[in-house]
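To start, the structure itself, in structure tokens.
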Amino acid sequence: MHLAVSLNIASGQPLAFSDLASFAKQAEAVGLDVIILDDAVPDSGGSESPFEATTLLAALATVTSRIGLVAAASTVAHQPYNLARRFASLDVISHGRAGWHATMAQAPREAANFSRPEGFSADDFRRRAEEYIGIVQGLWQGWDMDALLFDKASGRFHDPDKMHLLDHKGEFFSVRGPLNVARSPQDTPVLVLSDVSEADRDIAARTADVILLDGPVGEAKARHDDFKRRVAVCGRDPDAVKLLLSVGADVTADTLAASFRSKSCDGFNIAMPPSALEDFFDRVLPELRRRGLVHQDYRGTTLRAHLGLAGGDQ
């Protein structure tokens, strides 16, 4: 099973970077696949954080070497070109361990900080988010892996045939491309989607690498099977999308094992404050390993490799 730990950096008592770095090192030492850095939207009314998630990801990449690092970034607060460039850069900095966590739900009051005091209708937000994600993924694929030549002798920086202009003109955005960042070490950064409603499921099936499933554990099997069916209908291998069931830090090993063995998910996203980390490592993780449900070490160097996704160094 795949294991992610989700850390909301804007909830509870603000943590120093040294505490967060220690958290990341501990999670890497026991072989968790990925840390998901969630962040409060501007003017959310929640606790404040001294860090912005993508900036923190870059810093944590310098104190870790194997664990995947996923950061939340809003489709409202950023233009798609800038966001695509930021995550492409983070993937280079982390040597192919970066991912973008996008939510399909509109955060209250967020748009008011970005010249949209009235926000978006639910339908507009959905169509805009789908277009936005398509642009970002298209920009990530704008350079072939061997497009950059850096050939001083011939004066050729790149092979023009291996550079692809996006030239997107859509309902909400117009983006020419390409990015001025090379192709990701893991092909493209990993796209994680959450808050996927019934109306968003086909979008997620077409675009996501990882989907975080919320809701009762007892209903996970039906959601899992529905998503896998939709992924197949889109022409993708059902295993190309990993479904992680969100659970609390107090979950017992029996619950995780039962859900995984019933094929209700591909793994778990555990909402865990740093204070609960050692208890999970000491109490739950050894039992999962004893049952043969968790791998002993990383299976590659990139996040896609950890998750068994296409593009990873399997």
Side-chain angles (χ1 to χ4, degrees), residues 1-7 9 15 17-38 51 53-73 86-101 140 145 181-192 209-210 212 239-242 244 249 256 260 266-274 276-282 284-290 292-314:
M1 69 174 63
H2 301 295
L3 290 177
V5 57
S6 182
L7 178 64
I9 61 176
L15 295 171
F17 175 71
S18 59
D19 296 323
L20 294 166
S22 177
F23 177 91
K25 290 176 182 178
Q26 284 183 287
E28 181 173 75
V30 298
L32 296 192
D33 291 307
V34 58
I35 297 172
I36 300 174
L37 299 171
D38 288 325
F51 306 107
T54 61
T55 308
L56 180 58
L57 187 158
L60 293 179
T62 66
V63 298
T64 58
S65 61
R66 303 294 294 280
I67 195 167
L69 299 167
V70 170
R86 178 177 300 185
F87 277 97
S89 297
L90 289 170
D91 218 26
V92 173
I93 290 169
S94 65
H95 303 289
R97 296 185 288 131
W100 169 35
H101 177 200
W140 283 342
M145 292 297 288
V181 181
R183 190 72 173 255
S184 161
Q186 60 174 341
D187 190 35
T188 65
V190 170
L191 174 64
V192 178
D209 297 305
V210 176
L212 305 183
D239 202 41
V241 180
K242 303 301 180 181
L244 302 186
L256 299 184
F260 183 70
D266 298 306
F268 300 91
N269 171 44
I270 304 163
M272 186 186 304
L277 195 63
E278 289 189 12
D279 180 63
F280 179 81
F281 292 165
D282 295 340
V284 179
L285 200 54
E287 181 60 22
L288 294 175
R289 286 216 168 98
R290 187 188 68 80
L293 296 175
V294 178
H295 57 80
Q296 294 293 326
D297 198 4
Y298 292 106
R299 286 160 285 185
T301 61
T302 70
L303 177 53
R304 287 186 175 275
H306 302 344
L307 297 174
L309 296 170
D313 50 347
Q314 308 296 322

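Residue indices begin at 1 and follow the sequence shown. Please read these numbers as outputs of a predicted model, since none were measured by experiment.
- Ring geometry for Trp100 versus Phe87: interplanar angle of 30 to 60°, hence tilted.
- Formation of a donor-acceptor pair under 3.5 Å by the Asp209 side chain with backbone atoms of Val190 is not found in this model.
- Interatomic distance, CD1 of Ile67 versus CG of Leu69, reported as 6.5 Å (0.5 Å rounding).
- Atoms CH2 and CG, from Trp140 and Asp187 in turn, are 11.0 Å apart once rounded to the nearest 0.5 Å.
- In this structure, the side chain of Arg304 engages the main chain of Thr188 through a donor-acceptor pair within 3.5 Å.
- Here the side chain of Asp38 pairs no donor or acceptor atom with the backbone of Ser6 at under 3.5 angstrom.
- Side-chain contact check for Leu37 versus Phe51: every heavy-atom pair is 4.5 Å or farther apart.
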>> Working note: Thr301 + His95, criterion side-chain contact (heavy atoms from CB on, under 4.5 Å); need CA distance, chi angles, decisive distance, verdict.
In response: CA-CA 8 Å; Thr301 61; His95 303 289; over 6 Å; no
> Run the side-chain contact (heavy atoms from CB on, under 4.5 Å) check on Leu288 and Phe260 step by step: do they pass?
Replying inline: CA-CA 11 Å; Leu288 294 175; Phe260 183 70; over 6 Å; no
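- In this structure, CG in Leu212 is found 5.0 Å from CG in Asn269, a value given to the nearest 0.5 Å.
- At distances below 3.5 Å, not a single donor-acceptor pair connects side-chain atoms of Arg97 with backbone N or O atoms of Val34.
- One distance of note links CG of Leu15 with CD1 of Ile9; it measures 9.5 Å at 0.5 Å rounding.
- For the pair Leu244/Phe268, no side-chain contact is recorded, criterion being any heavy-atom separation below 4.5 Å from C-beta on.
- Of all the heavy atoms in Thr302 and Pro185, the pair that sits closest is CG2-O, 4.4 Å.
- Taking each heavy atom of Leu60 and Ala21 in turn, the nearest pair found is CD2-CA, 3.8 Å.
- Between Val92 and Leu90, every side-chain heavy-atom pair lies at or beyond the 4.5 Å cut-off.
- Glu28 and Thr64 get closest at one heavy-atom pair: OE2-CB, 3.4 Å.
- Leu303 and Ala98 get closest at one heavy-atom pair: CD2-O, 4.1 Å.
- Of all heavy-atom pairs between Gly99 and Pro189, the closest is CA-CB, 4.5 Å.
- In terms of heavy-atom proximity, Asp266 sits nearest to Val241 at OD2-O, 3.6 Å.
- Asp33 contributes a side-chain N or O that, together with a main-chain N or O of Leu3, makes up a donor-acceptor pair within less than 3.5 Å.
- When side chains are defined from C-beta on, Leu307 counts as touching Val210, because their heavy atoms get closer than 4.5 Å.
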> Taking it one step at a time, do Leu20 and Leu7 satisfy side-chain contact (heavy atoms from CB on, under 4.5 Å)?
Replying inline: CA-CA 10 Å; Leu20 294 166; Leu7 178 64; 3.5 Å; yes
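- Looking at residues two or more places apart in sequence or on another chain, you find a ring pair (Phe, Tyr, Trp, His ring centres under 6.0 Å) between Tyr298 and His306.
- One finds the CD1 atom of Ile36 at 11.5 Å from the CG atom of Leu57 (value rounded to the nearest 0.5 Å).
- Salt bridge Arg290/Glu287: present, at least one basic N to carboxylate O contact under 4.0 Å.
- To the nearest 0.5 angstrom, Ile93 atom CD1 is 11.0 Å from Arg86 atom CZ.
- Under the rule for a side chain to side chain contact (heavy atoms under 4.5 Å, CB included), the partners of Gln26 that lie at least two apart in sequence or sit in another chain are Ser22, Leu277, Glu278, Phe281.
- Between the Arg289 side chain and the His295 main chain, a donor and an acceptor come within less than 3.5 Å of each other.
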